[in-house]
Amino acid sequence: TEGKKIFIDFYADWCTNCKEFQKLTLTNVDLNQALAKDAILLKVYDTDPIFEEFANNPNYQELQIGLPFFLVLDSQ
(Lines give C-alpha, C1' and ligand atoms only; values in the text may rest on other atoms or scores of the structure.)
Protein backbone atom coordinates (compact mmCIF):
# COMPACT_ATOMS: atom_id res chain seq x y z
CA THR A 1 0.00 0.00 0.00
CA GLU A 2 3.00 2.32 0.49
CA GLY A 3 4.49 1.54 -2.92
CA LYS A 4 7.81 0.58 -1.32
CA LYS A 5 10.09 -2.31 -2.24
CA ILE A 6 9.84 -5.39 -0.02
CA PHE A 7 13.18 -6.71 1.23
CA ILE A 8 13.08 -10.27 2.61
CA ASP A 9 16.14 -11.57 4.43
CA PHE A 10 16.27 -15.35 4.97
CA TYR A 11 18.32 -15.85 8.13
CA ALA A 12 19.66 -18.66 10.29
CA ASP A 13 21.63 -18.52 13.53
CA TRP A 14 24.11 -21.07 12.14
CA CYS A 15 24.83 -18.91 9.06
CA THR A 16 28.04 -16.89 9.43
CA ASN A 17 27.28 -14.63 6.47
CA CYS A 18 23.78 -13.96 7.84
CA LYS A 19 25.31 -12.79 11.12
CA GLU A 20 27.78 -10.54 9.28
CA PHE A 21 25.01 -8.97 7.21
CA GLN A 22 23.00 -8.37 10.36
CA LYS A 23 26.02 -6.65 11.97
CA LEU A 24 26.44 -4.51 8.85
CA THR A 25 22.81 -3.43 8.83
CA LEU A 26 22.93 -2.58 12.52
CA THR A 27 26.21 -0.64 12.37
CA ASN A 28 26.05 1.04 8.94
CA VAL A 29 23.85 4.07 9.55
CA ASP A 30 23.50 4.98 5.85
CA LEU A 31 22.47 1.45 4.84
CA ASN A 32 20.12 1.13 7.80
CA GLN A 33 18.41 4.44 7.02
CA ALA A 34 18.13 3.69 3.29
CA LEU A 35 16.55 0.29 3.92
CA ALA A 36 14.17 1.65 6.55
CA LYS A 37 13.15 4.61 4.37
CA ASP A 38 12.76 2.89 1.01
CA ALA A 39 11.69 -0.66 1.84
CA ILE A 40 9.45 -2.83 3.96
CA LEU A 41 11.87 -5.11 5.82
CA LEU A 42 11.06 -8.73 6.61
CA LYS A 43 13.28 -11.39 8.14
CA VAL A 44 12.41 -15.07 7.78
CA TYR A 45 14.24 -17.36 10.20
CA ASP A 46 15.01 -20.97 9.32
CA THR A 47 12.79 -22.01 12.24
CA ASP A 48 9.77 -20.17 10.79
CA PRO A 49 7.30 -22.52 9.01
CA ILE A 50 7.21 -20.19 5.98
CA PHE A 51 10.94 -20.83 5.51
CA GLU A 52 10.11 -24.41 4.46
CA GLU A 53 7.49 -23.17 2.01
CA PHE A 54 10.09 -20.97 0.29
CA ALA A 55 12.80 -23.65 0.51
CA ASN A 56 10.53 -26.20 -1.18
CA ASN A 57 9.41 -23.80 -3.91
CA PRO A 58 11.31 -24.45 -7.17
CA ASN A 59 11.33 -20.70 -7.88
CA TYR A 60 13.78 -20.20 -4.98
CA GLN A 61 16.35 -22.93 -5.61
CA GLU A 62 19.02 -20.71 -4.07
CA LEU A 63 17.68 -21.65 -0.66
CA GLN A 64 18.80 -25.22 -1.39
CA ILE A 65 22.37 -23.94 -1.78
CA GLY A 66 22.69 -21.82 1.32
CA LEU A 67 22.13 -18.60 3.15
CA PRO A 68 21.89 -15.70 3.30
CA PHE A 69 19.29 -15.34 0.61
CA PHE A 70 17.53 -12.07 -0.13
CA LEU A 71 14.42 -11.29 -2.12
CA VAL A 72 13.65 -7.76 -3.24
CA LEU A 73 10.11 -7.40 -4.56
CA ASP A 74 8.15 -4.43 -5.78
CA SER A 75 4.74 -3.57 -4.40
CA GLN A 76 3.06 -5.58 -7.16
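- Taken together through direct or relayed side-chain contacts under 4.5 Å among Ile, Leu, Val, Met, Phe, Trp and Tyr, F7 and L24 form part of one hydrophobic cluster.
- Contact annotation: the side chain of L31 approaches that of T25 to within less than 4.5 Å [non-hydrogen atoms, C-beta and beyond].
- With rounding to the nearest 0.5 Å, the separation of CG in L73 from CD1 in I8 is 5.0 Å.
- The structure places CG of L71 at 7.5 Å from CG of L63, a figure rounded to the nearest 0.5 Å.
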Do D74 and K5 pass the side chain to side chain contact (heavy atoms under 4.5 Å, CB included) test, and can you show the C-alpha distance, the side-chain angles, and the key distance before you say yes or no? CA-CA 5 Å; D74 64 19; K5 301 284 187 213; 3.9 Å; yes
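- Under the side chain to side chain donor-acceptor pair (under 3.5 Å) criterion, K23 pairs with E20, sequence neighbours left out.
- In this structure, Q64 places its CD atom where more than 12 heavy-atom neighbours from other residues, nucleotides or ligands lie under 6.0 Å away.
- Annotation for L67 and C18: closest pair CB-SG, 3.7 Å, computed over non-hydrogen atoms.
- Take Q22 and apply the side chain to side chain donor-acceptor pair (under 3.5 Å) test, not counting sequence neighbours, and it matches Y11.
- Without hydrogens or angle criteria, N56 side chain to E52 main chain gives a donor-acceptor distance under 3.5 Å.
- Residues satisfying the side chain to side chain donor-acceptor pair (under 3.5 Å) test with D38, not counting sequence neighbours, are none.
- A chain of hydrophobic side-chain contacts below 4.5 Å, direct or via other Ile, Leu, Val, Met, Phe, Trp or Tyr residues, connects V72 to L41.
- Checking side-chain atoms of K4 against main-chain N and O of K37 turns up a donor-acceptor pair under 3.5 Å.
- To the nearest 0.5 Å, atoms CG (L35) and CG (D30) are separated by 11.0 Å.
- Taking the six-membered ring where the residue is Trp, F54 and F10 present perpendicular rings, their angle passing 60° and hence far from 30°.
- Under a hydrophobic clustering in which Ile, Leu, Val, Met, Phe, Trp and Tyr are joined whenever their side-chain heavy atoms come within less than 4.5 Å, directly or via other members, Y60 and V44 fall into the same cluster.
- In this structure, F51 and Y45 have side chains that are not in contact, with every pair of non-hydrogen atoms separated by 4.5 Å or more.
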